[in-house]
Amino acid sequence: MKTDKYYVELPPFTGRNVPISEIAKATGKDAQYIRIGLQRGVFNFGYALKIGDSNEYNYFCPDKKVWEEIGYFRDGDS
């Protein structure tokens, strides 16, 4: 039985933290929508880390996870 093989060229991932504003623009959503989705664990393409006892968060959205989940990639040098 012959199995077809497919090869995909992957983008040059660097672990770049994709800014929330860039993800919002790429998806056509508001940046606050993206932030809340990350805070609530609805989106799997990044992390929202609460800063101490405050109501503030830091966000980390690695380029590879963003690409895997929503198909968006932009080289950080572009």
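Values reported hereafter were calculated over all heavy atoms of this structure, with side chains retained and with hydrogens, waters and symmetry mates removed. Computed from a predicted structure; not experimentally measured.
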Does anything in residues 16-38 pair up under ring pair (Phe, Tyr, Trp, His ring centres under 6.0 Å), and if so which pairs, sequence neighbours excluded?
Tyr33-Phe43
Side-chain polar contacts of residues 20-30 - donor-acceptor pairs under 3.5 angstrom, sequence neighbours left out - could you list them?
| unit_1 | atom_1 | unit_2 | atom_2 | d |
| --- | --- | --- | --- | --- |
| Glu22 | OE1 | Arg16 | NH1 | 3.3 |
| Glu22 | OE1 | Arg74 | NH2 | 3.1 |
| Glu22 | OE2 | Arg16 | NH2 | 2.8 |
| Glu22 | OE2 | Tyr72 | OH | 2.8 |
| Glu22 | OE2 | Arg74 | NE | 3.1 |
| Thr27 | OG1 | Ile23 | O | 2.9 |
| Thr27 | OG1 | Ala24 | O | 3.3 |
| Asp30 | OD2 | Gln32 | N | 3.0 |

Check whether any side-chain heavy atom of Asp75 sits under 4.5 Å from a side-chain heavy atom of Pro11, and report yes or no.
no
Any chain of hydrophobic side-chain contacts (each under 4.5 Å) joining Val42 to Val18?
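Yes, it is one cluster - the side chains of Val42 and Val18 are joined through contacts under 4.5 Å.
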Which distance, rounded to the nearest 0.5 Å, do you find between the CG of Asn17 and the OH of Tyr47?
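If we round to the nearest 0.5 Å, Asn17:CG and Tyr47:OH are 11.5 Å apart.
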Check residues 56-67 and write down every donor-acceptor pair under 3.5 Å in which the side-chain atom is one partner and the other belongs to a residue at least two apart or another chain.
| unit_1 | atom_1 | unit_2 | atom_2 | d |
| --- | --- | --- | --- | --- |
| Tyr59 | OH | Gln39 | NE2 | 2.6 |
| Asp63 | OD1 | Gly15 | N | 3.0 |
| Asp63 | OD2 | Thr14 | N | 2.9 |
| Asp63 | OD2 | Thr14 | OG1 | 3.4 |
| Lys65 | NZ | Asn44 | O | 3.3 |

